[in-house]
Amino acid sequence: MKHVVVIGGGVAGMEASAKLSEMGVAVSIVEKADKLGGKLNRWDRLFPNSRPASDLLAKLQSGMGKDIRKYVNAEVSSVRQSLKQFDIALSNGEDFKADAILISTGFDVFDAHRKEEYGYGIYDNVITSADLEKTFRKGETLKTASGKKPQRVGIIHCVGSRDEKAGNNYCSKVCCITAVKQAIEIKEQNPEAEVFCFYMDLRMYDRHFETIYKEAQVKHGIQFIRGRLSEAFENADGSVMLKAEDTLLGKPLKINVDMVVLMAGMVPSSGNRVKEQLNLTVAEDGFFNVADAHYESSGTNVPGVFVAGACTGPKTMENTINEARSAALAIKEYLR
Amino acid sequence: MKIEGKKRLWQDYQKEIATDNYFYARSCIRQNFFPASEKTFLRVMREELNKDVYEDPRHTTCSGIVYHSDLVTMDTTMTVIARQFSLMTESGRKNYVPSCITSFGLYTEVLEMWEHFPELETKAREMLWKATGREFEKPENVAHASDIIYKFRNEIASRGKFRLVNHRTGQPLRGVEHIGCHYSKMFPHKGVGGAEYPYVLVGMIEAFGGEVVDYPERRHCCGFGFRQYVVKANRGFSISSSRKKFESMAPYKPDFILTNCPGCPYFLDRWQYAISEMEGVTYGENGYGIPVLTYEELAGLVLGYDPWDLGLQTHQVSVEPLLEKMGIPYNPATKYLGAQGQDLGRPEKPSVLKVY
Ligand code: SF4
């Protein structure tokens, strides 16, 4: 029986493992965290339909039968190609041979401290979209550092994305719709609150996105201001002064808000140590290259090594799952 | 505000600052604005810290003031800077210390350009050779004079006679700091503490016993901004920038403003008078305004130098309230006497801003 090692136990890794296993391939999945599910574990509700993240996670878990060997709290410490096989050693001391490898290491959330001028980690009331999602997931109400319900919230798009200074000129693709989703959720918690989204462009490219965006404006009165934040500063009362240019009005703008949510983008996973060991190439954005951008998006420059999910660039959950299935098929074909 | 967050950032922006063997280049304008600041820097370095600081009377402007007013090309600027370096080379010193923030920014910019485009360095060498027959070595270290005072802040504090502490209450005095734009906004790693939360002046205030107050418009322009003032028609921008800062800092009741650039203390000091005349508004306590200091003046006060030797009588906003809080004695009778005891005359009294 052919054996595939899946590196990364998030959405892509889980779905690909399930499909490979269904097709009669032996699968070992390696995850550095203490459980499978990756970033999905951190979400409360998902766009575009507000479905609970736990629901999708349960679906993915249902495919993770006992035939799949699962290694959590483990990382690949070395990988070596010998003829048509790979020798893989894990940080927990296990080692095995694989006929193919799937890399599904996903992404890291951009470290918002690096946008120093926005004050994350310095100002009391600046949080990231990931922090906000955690609050929602715990079922808590959004509160300021002093425990009050924020009456004005500023949501800042493109934090660490489309930003030469941050070294990331690509779009993270999902943060616009995440911002709209979270803005609506803030309004659902506190209909009196005013929410302002500062954006460069609204990338509402996928099905239903425009509908949600319209609902945010018409039903919830969320205000969208086309302008990039230049700086944020904390006022004496802990509120945050935001400076931006409203590029539609052509005017500089200064407003005070009680809280700021930074839409931190996606960056290549720092855990991709296999990259050097397998001589895999990455593009200028730091994400893995694929064998053929149109026709072979699961393959890499190394035969027998495949990729799926956000390790090849930002994408939605839906695209990730589709890619995982496509990678499973490509691997099955390769193993024939 | 989380100070730990700032401390974490400050660790990322520690720059190398030479500890001796300095070539000092003065600013074009500081001796007119704050006449004793540069002299005080030399006094502190030579007499207190026993450092070797060399000055060459042949040095010129760095050309920053005209470069930033679009009056000369980069080629001219590079050649002028090459000549400054040649004077340093001739003196045998290795570490270049400009007094001016704009100069510091420009030297840094030119050295970075030469690093990335070596052909420009070759060109600058050729131009200097053709024009003057001079050659030069690049400095091993370029640090602004405020970096040097920062470097030795603890030594200065330990030799000091006075602290930034209210001598009656024992409470730390509250200072706001304003960093010149060209210090680290272009090259954050060349400034102590980076560009967004610079530490260079904060470190001095803390070492001298004071407390730093951060305020919303801290990063806003002081009001100089070259074209805002140099182009006469733009001066409304200049005063409104300063006003914006005063309005923002006033609620925090600072005891003083500390600066490290030639233009900033000038505009933050003089515009307080202009605003008081235009709008009848003063900032600070009891109608006296908020005293503004250069970092050399502050170091001099801490070291117990006579305030009038530091040139503090040339400030528009009276510094006496700060001196009184620090417990520094001063003689009103000698305030307007020159170095040889001659009477310098009295400035006219403003109609709104109170002065001593
Ligand atoms: S999806 Fe929107 S917020 Fe995210 S990087 Fe792209 S444009 Fe910016």
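Numbers restart at 1 for each chain; the letters A, B, ... are given by sequence-line order, proteins then strands. Only heavy atoms go into these numbers, but all of them, side chains included; no hydrogens, no water, no symmetry mates.
A:Asn125 contributes no side-chain N or O that, together with a main-chain N or O of A:Val260, makes up a donor-acceptor pair within less than 3.5 Å.
Within 6.0 Å of atom CD in B:Glu285, 12 or fewer heavy atoms from other residues, nucleotides or ligands are found, so the atom counts as exposed in its surroundings.
With respect to chain B, the highest number of heavy-atom pairs below 4.5 Å among A:Gly119, A:Gly121, A:Ala232 belongs to A:Gly121. Chosen from B:Lys6, B:Glu4, B:Glu217, the residue pairing most often with chain A at heavy-atom distances under 4.5 Å is B:Glu217.
Contacts of A:Lys115 with chain B are absent, with no heavy-atom separation under 4.5 Å from either backbone or side chain. Within the 4.5 angstrom heavy-atom criterion, only backbone atoms of B:Tyr215 (N, CA, C, O) approach chain A.
With hydrogens and angles left out, the side-chain atoms of A:Asn168 and A:Ser161 include no donor and acceptor closer than 3.5 Å. B:Tyr13 and A:Glu116 share a donor-acceptor pair across their side chains, judged by distance under 3.5 Å alone.
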